[in-house]
S.K.: 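First the structure, then my questions, so here it is.
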Protein chains: 2
Amino acid sequence: MKNLVEIVSQLSDLMGQTEEVAKEQFHLLNLTHTQMHYLEAIHLLDNPNITELASKLKLTKPTVKVAVDKLIESDYLYKIKSDEDRRSAHLHLTEKGKLINQMHDYTHKLISEAISRKLNNEEMGTLVRLLNKVLSEN
Amino acid sequence: MKNLVEIVSQLSDLMGQTEEVAKEQFHLLNLTHTQMHYLEAIHLLDNPNITELASKLKLTKPTVKVAVDKLIESDYLYKIKSDEDRRSAHLHLTEKGKLINQMHDYTHKLISEAISRKLNNEEMGTLVRLLNKVLSEN
DNA sequence: TTTTATTGTTAGCAAATACTAACTATATTT
DNA sequence: AAATATAGTTAGTATTTGCTAACAATAAAA
């Protein structure tokens, strides 16, 4: 019987490997590792401007600008000018860009299936209840 | 009450963000994202040779050779010639290279602590038992 | 209203990351 | 023993990813 830290370590490995498999599936999109990182960050930050994105990625603005331009050119992103600040523009994922999120969803489905294959209904209920508690706010 | 897929998604985010924090620490010690990926793969493959590593990373051997040379130059890796096949050599992490694993261990400890903060002893026991079953071989 | 700060941009450059082609040395197959 | 395959390497090249410096347009502060 393994202890909690060992279990977390194995779960982490499992998720990482599943994530890798999912990325291979979506590799048809011709996206580099770095570009996927950009799309993920833009999704996470909920339509940031260049400055916010650069700050999150710990890169300079010119670096991010160039990368974003390429992603726009390849139809993964588009810009919308800000009403509040006329200097600024917000980045949005196109439908094509949103495929990256579908990839994550797919990974989570795969892991969920792996879990439900190992447990019976009662055990599943208990696990779900406990993990809900773990992830609760306070 | 959230369902399993939603929970897995949140857990995945939690782990991902904790990993990110760890990687930021390493970024300060001038390792690129790609280089970290190499060290992780070498750890995972348990001292592979160049060919095995290239296969895992889905890159060509010359590409991997150049990257590995730099990691050796920066004292993250060293080579040991194979006794069985005199053409070949196995890659090992130096103490400095092993820091990447220590960082993973640390994030797993952090997540474990976050979990044990939310559950009582009995619940912890149940969770550990269920997750052991999830991660069991057959 | 003038000064200062911020957002985004352009240009020029350097390093990292990746490839193919061609080679040596050793192993394996025929 | 000769032919073929494999591990690692070298050289040359293209692309991606990153930087700094300098600039215009707009916003915020003095």
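The structure displayed is predicted, hence computed values, not measured ones. Computed over heavy atoms, backbone and side chain alike; hydrogens, waters and symmetry mates excluded. All chains are named by letter (A, B, ...) in the order of the sequence lines, taking the proteins before the strands, and each is independently numbered beginning at 1.
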S.K.: Could you work out which one of D:dT10, D:dT6, D:dT17 sits closest to the side chain of B:Arg87?
M.R.: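 From the listed options, D:dT6 comes nearest.
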
S.K.: Counting just side-chain N and O atoms, does A:Thr51 come under 4.0 Å of either OP1 or OP2 of C:dG8?
M.R.: yes

S.K.: Is the closest basic N to carboxylate O distance between B:Lys109 and B:Asp105 below 4.0 Å?
M.R.: no

S.K.: When you measure from the side-chain N and O atoms of A:Tyr38 to the phosphate of D:dT16, is any distance below 4.0 Å, counting only OP1 and OP2?
M.R.: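 So the side-chain polar atoms of A:Tyr38 never come under 4.0 Å of the phosphate oxygens OP1 or OP2 of D:dT16.
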
S.K.: How many whole angstroms separate atom NZ of A:Lys61 from atom C1' of D:dT20?
M.R.: 14 Å

S.K.: Could you tell me how far apart B:Glu84 (CD) and C:dT28 (P) are, to the nearest whole angstrom?
M.R.: 10 Å

S.K.: Report yes or no: do B:Thr63 and B:Thr60 form a side-chain donor-acceptor pair below 3.5 Å?
M.R.: yes

S.K.: Rounded to whole Å, how long is the line connecting atom CG of B:Leu57 with atom C1' of C:dA18?
M.R.: 12 Å

S.K.: Does the side chain of B:Thr32 get closer than 4.0 angstrom to OP1 or OP2 of C:dA16 through an N or O atom?
M.R.: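 No, because none of the side-chain N or O atoms of B:Thr32 sits under 4.0 Å from OP1 or OP2 of C:dA16.
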
S.K.: So if I take every side-chain heavy atom of B:Leu59 and compare against C:dT7, C:dA27, C:dC19, which nucleotide ends up nearest?
M.R.: C:dC19

S.K.: What integer distance in Å separates A:Glu52:CD from C:dG8:P?
M.R.: 8 Å

S.K.: Quick one: is D:dT9 close enough that its OP1 or OP2 comes under 4.0 Å of any side-chain N or O from B:Lys79?
M.R.: yes

S.K.: So, OP1 or OP2 of C:dT7: does either fall under 4.0 Å of a side-chain N or O from A:Arg86?
M.R.: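 False: A:Arg86 side-chain N/O out of range (4.0 Å or more) of C:dT7 OP1/OP2.
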
S.K.: Can A:Glu95 and A:Lys98 be counted as an ion pair, charged N to O under 4.0 angstrom?
M.R.: yes

S.K.: Return the value, rounded to whole Å, for the distance between atom CD of A:Gln35 and atom P of D:dT15.
M.R.: 14 Å

S.K.: Quickly work out the A:Asn49 CG to D:dT26 P distance and round it to whole Å.
M.R.: 16 Å

S.K.: Tell me which nucleotide among C:dT9, C:dA16, D:dA7 gets nearest to the side chain of B:Lys70.
M.R.: C:dA16

S.K.: Does A:Ser74 use its side chain to pair, donor to acceptor, with the backbone of A:Leu71 at less than 3.5 Å?
M.R.: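 The answer is no, because no donor-acceptor pair under 3.5 Å joins these two groups.
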
S.K.: Looking only at side-chain atoms of B:Lys65, point me to the closest of D:dT10, D:dG8, C:dT9.
M.R.: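 Between D:dT10, D:dG8, C:dT9, the one nearest the side chain of B:Lys65 would be D:dT10.
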
S.K.: Taking atom CG of A:Leu131 and atom CZ of A:Arg129, what is their separation to the nearest 0.5 Å?
M.R.: 10.5 Å

S.K.: Closest nucleotide of DNA chain D for A:Thr60 versus for A:Asp85: which of these residues is on the 5' side?
M.R.: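 So the residue in question is A:Thr60.
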
S.K.: So, does A:Thr34 get its side chain near the phosphate of D:dT16, meaning an N or O under 4.0 Å from OP1 or OP2?
M.R.: no

S.K.: Assign B:Ala89 to base, sugar-phosphate, or nothing according to its heavy-atom contacts below 4.0 angstrom with the strands shown.
M.R.: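 The residue B:Ala89 makes sugar-phosphate contact but no base contact.
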
S.K.: Side-chain N or O of A:Thr63 versus OP1/OP2 of D:dT17: is the shortest distance under 4.0 Å?
M.R.: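 Checking A:Thr63 against D:dT17: no side-chain N or O falls below 4.0 Å of OP1 or OP2.
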
S.K.: CG of B:Leu31 versus C1' of C:dT17: gap in Å, rounded?
M.R.: 15 Å

